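This report concerns only the one structure given below.
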Protein chains: 2
Amino acid sequence: MSRANLDKRKILETAGALANESSIKKLNLKQLAQKLNIQPPSLYNHVQSLDHLRFDLMVYGWEQVGERIAEALIGISGDDAIRRACEVFYDYAEENPGIFEAMAYYNRDSKKPDGAPDRLTDILFRLCRARDIAEQDAVHILRIFRSYIEGFALLAHYGAFPRDGSARESFNFGVDFLIAGVHQLEEKK
Amino acid sequence: MSRANLDKRKILETAGALANESSIKKLNLKQLAQKLNIQPPSLYNHVQSLDHLRFDLMVYGWEQVGERIAEALIGISGDDAIRRACEVFYDYAEENPGIFEAMAYYNRDSKKPDGAPDRLTDILFRLCRARDIAEQDAVHILRIFRSYIEGFALLAHYGAFPRDGSARESFNFGVDFLIAGVHQLEEKK
DNA sequence: TGACAAAACTAATTTGATTAGTTATTATAT
DNA sequence: ATATAATAACTAATCAAATTAGTTTTGTCA
């Protein structure tokens, strides 16, 4: 029999890889078990259900993105920080299409484990506070940024834009758009 | 036996209603057949597969939205037209969460039937052309608007924002943001 | 009215998730 | 070291749902 020495991490990594190779909806336990060299039912020692696994993958994705952004922002501030954060998110979505799908599809109202609240949100919030923006406006801005970024990544993922690099240009263009809006709010004060 | 007098339309309407009641991923042939008073296998006289049905529902949704927007824009122009178009889309997504999910999840690169290209895109494009915006910039703007609108609707759908009406405020706020950006582009010329 | 196509049916197959029940492995505590 | 408990694997069985096969009914139209 010989144990496979699995932990949640390894399972999520493997499931994530599988999801990235095909898609979140094609992710299945048979394949996953195969990749891990165990039988499908054995997965239930680690995972509640397939659906729950997809959910876990969503949480995992947000954690990863949060880490990457936090790391990328060291030593950067102001507009550059916003640009960089957006860029890192976009890169992550592009590199991990399956995980990104999970992030886009699964309810985020259902709370994530306490350790990892929405780090991305948190970071963007701080960037707003570092400026002179009313709390109320910051909430709006945050929602707008998140919507734009995730929406763009989703459309790009599903091939709504040509894959000739012009999409990336549009994306940055839009980020600057929004940043300009942020500046306008500052001036208003 | 007695025929049920079904057509694609009726099936899509019923499937759409079911999807709206639960979600696109919970949509299933058993329930659908039940609602239509036929046996599940009989559905295959009208539909290629469950997955294809979801895809059809996506196309159906875009058609509906296109119609509604076209209708809503009669006699309106300029910024108001943009605002109205965005509003109508948002309303549709809110009223038809299941169909909207299909619209958000399914590949749009796979072409839609010739009769109904992306009408929404088409309309927004014309709104740009009515202004003095370079073709190239219009492409960017379009992508940005689409990303924002769909992204926002998606996040709202999954409960990322509180349901107290403030989300709607944020949405409109963002639309004005983007419209301001459009104006900036005009001035640049 | 008779034949053909469409649309329904029932029965069977397939696939994949999940559950039940069992056994081997590892860790822990005497 | 060894007994015991917990964990993680296994096989076999169940269940649900989509799909396929093969048949019958119904409506249309020559």
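Order of the sequence lines sets the chain letters (A, B, ...), proteins ahead of strands, with each chain counted from 1. Because the structure is predicted, anything quoted here is derived from the model rather than measured.
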side-chain contact (heavy atoms from CB on, under 4.5 Å) partners of Glu13(A), counting only residues at least two apart: Arg9(A), Tyr60(A)
Can you sort out the partners of [X] under side chain to side chain donor-acceptor pair (under 3.5 Å), two or more places apart, ordered by chain and number?
X: Gln31(B); result: Asn28(B)
X: Asn45(B); result: none
X: Ser22(B); result: none
X: Arg54(A); result: none

Look at the side chain of Asn45(B) against the base of dA6(C) and say whether a donor-acceptor pair falls under 3.5 Å; ignore hydrogens and angles. no
[atom1] of [X] versus [atom2] of [N]: gap in Å, rounded?
X: Tyr44(A); N: dA9(D); atom1: OH; atom2: C1'; result: 15 Å
X: Leu43(B); N: dA8(C); atom1: CG; atom2: P; result: 9 Å
X: His52(A); N: dT18(C); atom1: NE2; atom2: P; result: 12 Å
X: Leu36(A); N: dA9(D); atom1: CG; atom2: P; result: 9 Å
X: Gln39(B); N: dT20(D); atom1: CD; atom2: P; result: 18 Å
X: Gln34(B); N: dC9(C); atom1: CD; atom2: P; result: 12 Å
X: Leu6(B); N: dC9(C); atom1: CG; atom2: P; result: 10 Å
X: His46(B); N: dA18(D); atom1: NE2; atom2: P; result: 16 Å

Select one nucleotide: of dT10(C), dA8(C), dT18(C), the one nearest the side-chain heavy atoms of Ile38(B). dA8(C)
Taking 4.0 angstrom as the limit, do Arg83(A) and Asp80(A) come out as a salt bridge? yes
Which of residues 13-32 of chain A sit near DNA chain C, with a heavy atom under 4.0 Å from it? Asn28(A), Leu29(A), Lys30(A)
Quick one: is dA7(C) close enough that its OP1 or OP2 comes under 4.0 Å of any side-chain N or O from Ser42(B)? no
Taking the cut-offs as 6.0 angstrom to the six-membered ring centre and 45 degrees off its axis, would you call Arg68(B) and Tyr92(B) a cation-pi pair? no
